[in-house]
> 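Okay, handing you the structure first.
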Amino acid sequence: MLKIQNLSVSYGQRAVLHSINLNVQSGEVVALIGPNGAGKSTLIRAVSGVIPIRVGNVRTNGDHFNNLNPIQRARYIATVPQDVMLPPAYTVWETVLFG
């Protein structure tokens with residue numbers, strides 16, 4: 001289970017996400033949709049630890065993501081950014097395994 005509570009994120013002084021709450025049950029599939037600039041990528045970056053969370057917390061199975069080091073966090077979540085250039089020799093399966 002993934003639980004996001006009162007998550008807020010800022011880029012410098014500019015607040016971009018405000019009090020986001022989300023519960024995802026084990027085995028559940030979730031899609032984030034919305035217009036450009038709505039905060040979809042920011043939410044993924046904050047949850048995965050790429051950018052800092054200003055307020056709130058992210059938990060799974062009782063573990064607070066804020067307290068986990070990158071290796072421990074990777075046991076719960078992985079992302080494959082859409083703008084990274086990979087050599088053309090990798091298959092889709094190999095690329096997914098990088099996550």
> Would you say the side chain of N23 lies within less than 4.5 Å of the side chain of M1, judging by non-hydrogen atoms?
yes

> What side-chain donor-acceptor pairs closer than 3.5 Å can you find for residues 46-57, not counting sequence neighbours?
from	atom 1	to	atom 2	distance (Å)
S48	OG	I44	O	2.8
S48	OG	R45	O	3.3
R54	NE	S10	OG	2.8

> Give every residue pair that meets the side-chain hydrogen bond (donor to acceptor under 3.5 Å, both in side chains) criterion with at least one member in residues 65-74, sequence neighbours excluded.
N69-Q72

> Is L2 close to V58 at the side-chain level, that is, under 4.5 Å between some pair of heavy atoms?
yes

> With side chains defined as the heavy atoms from C-beta onward, is the minimum distance between N6 and I20 less than 4.5 Å?
no

> Can you list, pair by pair, the side-chain donor-acceptor contacts under 3.5 Å of residues 25-43, counting residues two or more places apart and other chains?
from	atom 1	to	atom 2	distance (Å)
E28	OE1	Q25	N	2.7
K40	NZ	G34	O	2.9
K40	NZ	P35	O	2.9
T42	OG1	Y11	OH	3.0

